[in-house]
Amino acid sequence: TFLYNVLLKVFSHKSSFADTFALFVRMKRSGSAFPDEFTYPSVLKSCSSECRLKEGVAIHGLVVKGGLCEDMYVGSSLVDFYGKCKKLLSARRVFDEMTLRNVVSWTAMVVGYVNAGELDAAKRVFDRMPERSVASWNAVIDGLVKAGNLTEARKMFNQMPERNVVSFTAMIDGYAKEGDLESARALFEEAPEKDIVAWSALISGYAQNGQPNEAMRLFIQMESLNVKPDEFIMVSLMSACSQVGNLDLAKWVDCYLSQSSIDAKQDHVVAALIHMNAKCGNMKRAKSLFEEMPKRNIISYCSMIQGLSIHGRGDEAVGLFKRMLNEGLIPD
RNA sequence: UAAACGGAAUCGACC
């Protein structure tokens, strides 16, 4: 049981739902290991990450059968699971029925309401919390940010007893999306700790607000500090590069990407790569990237079709669109 | 051995 639990934890963090669930099934069938209160949180986490409602509900049933409803970890995981799957009534029911709640249970409930856009309900729960952690504050701040209420978000940010890098990043993202890059930048400089996500929020902010050169500059600065870029950062960088439209720069980024350990097969990465090459005038490369994909999806088709349109190759663009329909993809 | 919070592509009418 111990061994399975450790494995399930690792799987729930790094693998797909299918693999994690398969492992759980194997555990149950093994006859030698039995799911306990340590097992279910990992399995439920995996269900939440892909919104697997049916399976999660089945797990809930097993929890009840196993008499593990009273456990705080299991209960909090259930609240989180239902919340992430937008089943707020179920989340609330589990939450209300819990005999023991801790700050994680409360925060999970707040997050559920935030993700459903029910900010008022989220705040009501937040106000009733017997104690709050940084994550609880961050959850509400992020809700306010996503609702576009930067003023209120900033008030809470200033008001909270302590801030971490997540608090800063939520605010940076909010300011950046609003186009207020000066405030975003100021907070970034002020942040005592800057991780990859904080860098990403700011870099994408510049890229999205027509300041590709500043995005590039930040990328260089980040690199010089030995922070390794990830897929998100590279996508923003490629977006910036597309805006500049410089072929040499595009080649450099393309090359940088292939030499890094970044997974260049992810949807957004390929799409950005295709778009960048198309925009910077390297249609050959764009085309070969597109054709070499084992499976094309709506995002890569989108990049390729637009690439063709930009270059006045309307016929080919329309042809590609037809091919996309033939592959059974639905345009959005 | 377990649970909660932050970042990514492309396009858009009239003006």
Side-chain angles (χ1 to χ4, degrees), chain A residues 1-10 12-13 33 35-46 48 68 71-81 83-84 101-112 114-115 132-143 145-146 160 163-174 176-177 184 191 195-205 207-208 215 229-240 242-243 266-276 278-279 298-307 309-310 331-332:
Chain A
T1 299
F2 175 86
L3 193 64
Y4 269 105
N5 285 349
V6 175
L7 268 177
L8 277 168
K9 179 204 158 142
V10 175
S12 71
H13 278 97
D36 61 8
E37 68 271 30
F38 288 77
T39 314
Y40 289 110
S42 300
V43 181
L44 283 165
K45 181 192 177 74
S46 161
S48 326
L68 295 170
D71 186 84
M72 231 169 20
Y73 280 74
V74 175
S76 304
S77 302
L78 280 167
V79 173
D80 180 54
F81 160 72
K84 295 252 164 74
R101 304 178 193 96
N102 65 6
V103 66
V104 175
S105 336
W106 283 89
T107 306
M109 197 63 237
V110 171
V111 171
V114 164
N115 289 338
R132 304 179 183 97
S133 68
V134 191
S136 328
W137 286 88
N138 289 344
V140 177
I141 288 178
D142 185 51
V145 163
K146 296 278 146 61
M160 63 196 290
R163 291 161 274 277
N164 63 12
V165 65
V166 177
S167 332
F168 278 92
T169 307
M171 289 304 304
I172 291 170
D173 178 49
K177 294 252 159 62
D195 66 5
I196 186 98
V197 183
W199 281 98
S200 175
L202 191 61
I203 292 178
S204 73
Q208 286 164 4
D230 67 359
E231 289 79 7
F232 283 57
I233 302 253
M234 290 314 292
V235 167
S236 292
L237 184 69
M238 289 188 274
S239 162
S242 310
Q243 294 172 50
Q266 287 185 22
D267 298 348
H268 285 284
V269 179
V270 188
L273 199 50
I274 292 174
H275 182 258
M276 177 180 77
K279 196 91 186 247
I298 188 164
I299 299 182
S300 44
Y301 264 106
C302 181
S303 295
M304 198 62 218
I305 291 175
Q306 271 160 13
S309 321
I310 290 168
D332 63 2

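Numbers restart at 1 for each chain; the letters A, B, ... are given by sequence-line order, proteins then strands.
Counting to the nearest Å, the C1' atom of B:rA4 and the CZ atom of A:Arg101 are 15 Å from each other. Straight-line distance from the CD1 atom of A:Ile203 to the C1' atom of B:rG6: 15 Å, rounded to whole Å. Between A:Asn5 atom CG and B:rA3 atom C1' there is a gap of 13 Å when expressed in whole angstrom units. In this structure, CZ of A:Arg132 is placed 15 Å from C1' of B:rA4, rounded to the nearest angstrom. A straight line from CH2 of A:Trp137 to P of B:rA4 spans 22 Å, rounded to a whole angstrom. Rounded to an integer number of Å, the gap from A:Asp173 CG to B:rG7 P is 5 Å. Between A:Leu68 atom CG and B:rA3 atom C1' the separation is 14 Å, expressed in whole Å. Rounded to an integer number of Å, the gap from NZ of A:Lys45 to C1' of B:rC5 is 11 Å.
If you check every strand for non-hydrogen atoms under 4.0 Å, A:Ser303 touches nothing. Across all strands, A:Val165 comes closer than 4.0 Å to base atoms (heavy-atom distances). Looking at heavy-atom distances under 4.0 Å, A:Asp195 makes contact with a base. If you check every strand for non-hydrogen atoms under 4.0 Å, A:Thr39 touches nothing. Using a 4.0 Å heavy-atom cutoff across all strands shown, A:Ser76 reaches at least one base atom of the nucleic acid. A:Ile196 comes within 4.0 angstrom of a nucleotide base, judged by non-hydrogen atoms across all strands. Residue contacts shown for A:Ala198 include a base, since a base heavy atom lies under 4.0 Å away. Among the protein residues, A:Asp267 comes within range of no part of the nucleic acid, since none of its heavy atoms lies under 4.0 Å from any strand. Among the protein residues, A:Gln208 comes within range of the sugar-phosphate backbone only, with heavy atoms under 4.0 Å from sugar or phosphate atoms but none that close to a base. If you check every strand for non-hydrogen atoms under 4.0 Å, A:His268 touches a base. Residue contacts shown for A:Ala201 are limited to sugar-phosphate atoms, with no base heavy atom under 4.0 Å away.
Under the rule for a side chain to side chain contact (heavy atoms under 4.5 Å, CB included), the partners of A:Ser242 that lie at least two apart in sequence or sit in another chain are A:His275, A:Met276, A:Lys279. A:Leu7 pairs by the side chain to side chain contact (heavy atoms under 4.5 Å, CB included) definition with A:Phe11, A:Leu23, not counting sequence neighbours.
Look at A:Phe38 and the base of B:rU1; the rings stack, centres closer than 5.5 Å and planes less than 30° apart.
Distance from the side chain of A:Phe232 is smallest to B:rG7 among B:rG7, B:rA3, B:rA4. Residue A:Ser133 places its side chain closer to B:rA4 than to any other of B:rC5, B:rA4, B:rA9. The side chain of A:Asn138 has B:rC5 as its nearest neighbour among B:rG6, B:rC5, B:rU1. Nearest to the side-chain atoms of A:Ala170 among the listed nucleotides B:rA2, B:rG6, B:rC5 stands B:rG6. The side chain of A:Ile233 lies closest to B:rG7 when the candidates are B:rA4, B:rA8, B:rG7. Of the candidates B:rA8, B:rA3, B:rA4, the closest approach to any side-chain atom of A:Val235 belongs to B:rA8. Looking at the side chain of A:Asp80, the nearest of the listed nucleotides B:rA8, B:rG6, B:rA4 is B:rA4. Looking at the side chain of A:Val166, the nearest of the listed nucleotides B:rA2, B:rC5, B:rU1 is B:rC5.
Contact of A:Asn164 with B:rG6 (side chain to base): no donor-acceptor pair of N or O atoms is detected under 3.5 Å. Counting atom types as modelled, A:Asn102 pairs no side-chain N or O with a base atom of B:rA4 as donor and acceptor under 3.5 Å.
A distance of 7.5 Å separates CG in A:Asp36 from CG in A:Leu68, rounded to the nearest 0.5 Å. Between atom CG of residue A:Asp80 and atom NZ of residue A:Lys45 there is a gap of 7.5 Å, rounded to the nearest 0.5 Å.
Contact annotation: A:His275 side-chain N/O to B:rA8 OP1/OP2 distance is not under 4.0 Å. For the pair A:Lys9 and B:rA2, the criterion of a side-chain N or O lying under 4.0 Å from OP1 or OP2 is met. OP1 or OP2 of B:rA8 sits under 4.0 Å from a side-chain N or O of A:Lys177.
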Practice item. Let me see the working for A:Ser105 and A:Asn102 under side-chain hydrogen bond (donor to acceptor under 3.5 Å, both in side chains), right down to the final yes or no. Key: CA-CA 5 Å; A:Ser105 336; A:Asn102 65 6; 2.9 Å; yes

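Between A:Ile172 and A:Ala201 the shortest heavy-atom distance is CG2-CB, 4.0 Å.
The backbone N or O of A:Val235 lies less than 3.5 Å from no partner atom in the side chain of A:Ser239, so there is not a single donor-acceptor pair.
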